[in-house]
J.: 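One structure, pasted below without further comment.
Owing to the predicted nature of the structure, the values given are computational and were not obtained by experimental measurement. By convention here, the first residue in the shown sequence is residue 1.
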Amino acid sequence: RVQLVESGGGSAQTGGSLRLSCAISGDAYSRQCVGWFRQVPGKIREGVADIDSERGGTTYADSVKGRFIVSQDNDKTTLYLSMNNLKPEDTAMYYCAARDRRYRCGDLRWDIFIDWGQGTQVTVSS
């Protein structure tokens, strides 16, 4: 299994930036695909971005393309989400998650991810 711990959430104004971090540990097979999700109360969890931790390919939801960047450090023990030009609709609890490559990396369905962090809140004010 994989352990994930998010940090870096907080408050920002519209147009501002934040960077989230996710410390990852556990067996490499179970974290071939790692990604970020977000959820607001009463809504389904939404895939934001993911990265193939071995091959480096990235995928983004249309709502964040051109504004968010997902990356990992060279050791593949920390996942990042750089969020720029933030909008009020980006307000949510953000989670990092990991899974194997049973489904191709880039498939952002939340229910195929196995291990999850506890979440970090991001609030964007207008």
Side-chain angles (χ1 to χ4, degrees):
R1 297 300 294 269
V2 177
Q3 295 75 46
L4 307 106
V5 180
E6 303 95 337
S7 60
S11 298
Q13 293 192 328
T14 298
S17 299
L18 286 171
R19 190 174 81 157
L20 306 182
S21 299
C22 175
I24 303 174
S25 60
D27 69 277
Y29 176 81
S30 297
R31 48 188 172 101
Q32 293 170 320
C33 307
V34 287
W36 290 97
F37 294 77
R38 64 188 182 186
Q39 189 170 25
V40 297
K43 292 193 175 182
I44 196 168
R45 192 165 293 190
E46 173 191 17
V48 174
D50 84 342
I51 187 168
D52 185 320
S53 62
E54 297 176 356
R55 302 167 185 170
T58 57
T59 301
Y60 297 92
D62 288 343
S63 58
V64 305
K65 277 181 184 175
R67 301 189 298 121
F68 290 11
I69 299 173
V70 61
S71 61
Q72 59 183 357
D73 66 355
N74 290 335
D75 293 335
K76 302 173 185 177
T77 59
T78 306
L79 180 71
Y80 301 101
L81 184 68
S82 297
M83 305 185 293
N84 303 301
N85 191 20
L86 284 163
K87 303 176 181 180
E89 51 263 42
D90 295 320
T91 296
M93 184 72 78
Y94 282 73
Y95 301 89
C96 58
R99 61 176 175 88
D100 59 29
R101 205 183 285 115
R102 186 175 318 180
Y103 301 94
R104 62 172 180 82
C105 293
D107 187 334
L108 291 177
R109 289 176 289 167
W110 69 270
D111 55 349
I112 63 173
F113 279 76
I114 306 300
D115 294 301
W116 293 83
Q118 81 288 353
T120 187
Q121 178 68 37
V122 170
T123 302
V124 183
S125 58
S126 56

J.: Kindly give the heavy-atom pair with the smallest separation between Val2 and Arg31, and that separation in Å.
T.: CG2-CB, 4.0 Å
J.: Determine whether Asn84 and Phe68 make a side-chain contact, defined as any pair of heavy atoms from C-beta on separated by less than 4.5 Å.
T.: no
J.: Would you give the length of the straight line joining atom CG of Leu86 to atom CG of Leu18, rounded to the nearest 0.5 angstrom?
T.: 5.5 Å
J.: Would you say the ring centers of Phe37 and Trp116 fall short of 6.0 Å from each other?
T.: yes
J.: Check whether any side-chain heavy atom of Thr120 sits under 4.5 Å from a side-chain heavy atom of Ser7, and report yes or no.
T.: no
J.: Go through Leu20 and Tyr80 one step at a time and tell me if the side chain to side chain contact (heavy atoms under 4.5 Å, CB included) criterion holds.
T.: CA-CA 6 Å; Leu20 306 182; Tyr80 301 101; over 6 Å; no
J.: Taking the side chain as every heavy atom from C-beta outward, state whether Arg45 and Met93 have any pair of such atoms under 4.5 Å apart.
T.: no
J.: Taking all atoms of both residues into account, what is the closest heavy-atom pair of Ser126 and Pro88, and its distance?
T.: CB-CG, 4.0 Å
J.: Hydrophobic clustering (ILVMFWY, side-chain heavy atoms < 4.5 Å, transitive) - are Leu79 and Leu108 grouped together?
T.: no
J.: Roughly how far apart are Ser82 OG and Arg19 CZ, rounded to 0.5 Å?
T.: 5.5 Å
J.: If you measure from the Lys or Arg side-chain nitrogens to the Asp or Glu carboxylate oxygens, is any gap between Arg104 and Asp107 under 4.0 Å?
T.: no
J.: Tell me the closest heavy-atom pair linking Val40 and Ala92, and the distance in Å.
T.: CG1-CB, 3.7 Å
J.: If you take all heavy atoms of Gln118 and Leu4, which pair is closest and at what distance?
T.: OE1-O, 3.9 Å
J.: Determine whether Gln3 and Asp115 make a side-chain contact, defined as any pair of heavy atoms from C-beta on separated by less than 4.5 Å.
T.: no
J.: Kindly state each residue pair satisfying disulfide (SG to SG under 2.5 Å) with at least one member in residues 50-101, sequence neighbours excluded.
T.: Cys22-Cys96
J.: Could you tell me which non-hydrogen atom of Arg109 sits nearest to which non-hydrogen atom of Ile112, and how far apart they are?
T.: O-CG1, 3.1 Å
J.: Taking the side chain as every heavy atom from C-beta outward, state whether Tyr94 and Leu81 have any pair of such atoms under 4.5 Å apart.
T.: yes
J.: Would you check if Arg1 and Ser30 make a side-chain contact, meaning some heavy-atom pair closer than 4.5 Å?
T.: no
J.: Of the options Asp50, Ile51, Ile69, Asp52, which is the one that meets Thr58 in a side chain to side chain contact (heavy atoms under 4.5 Å, CB included)?
T.: Ile51
J.: So Arg67 and Asp90, salt bridge (Lys or Arg N to Asp or Glu O under 4.0 Å) or not? Walk me through it.
T.: CA-CA 11 Å; Arg67 301 189 298 121; Asp90 295 320; 2.7 Å; yes
J.: When you look at CZ of Arg102, are more than 12 heavy atoms from neighbouring residues, nucleotides or ligands closer to it than 6.0 Å?
T.: no
J.: Has the side chain of Gln32 got a donor or acceptor atom that lies under 3.5 Å from a matching backbone atom of Ser53?
T.: no
J.: Could you check Asp73 against Thr78 for side chain to side chain contact (heavy atoms under 4.5 Å, CB included), going step by step and ending with a plain yes or no?
T.: CA-CA 6 Å; Asp73 66 355; Thr78 306; 3.5 Å; yes
J.: Should Trp110 and Glu46 count as side-chain neighbours, where that means a heavy-atom distance under 4.5 Å?
T.: no
J.: Rounded to the nearest 0.5 Å, what separation is found between the CZ atom of Arg38 and the NZ atom of Lys43?
T.: 9.5 Å
J.: Would you please indicate if the ring centroids of Phe113 and Tyr95 are separated by under 6.0 Å?
T.: no
J.: Using a cut-off of 6.0 Å, state whether more than 12 heavy atoms not belonging to Glu89 lie near its atom CD.
T.: yes
J.: Quick one: do Tyr60 and Met83 end up in the same hydrophobic cluster if we chain Ile, Leu, Val, Met, Phe, Trp and Tyr together by side-chain heavy atoms under 4.5 Å apart?
T.: yes
J.: Just so I know, are the side chains of Arg101 and Glu54 near enough to count as touching, which here means a heavy-atom distance under 4.5 Å?
T.: yes
J.: Which atom names give the shortest non-hydrogen contact between Val34 and Ala98, and what distance separates them?
T.: CG1-CB, 3.8 Å
J.: Between Thr91 and Val124 (side chain of the first, backbone of the second, donor and acceptor by atom type, cut-off under 3.5 Å), is there such a pair?
T.: yes
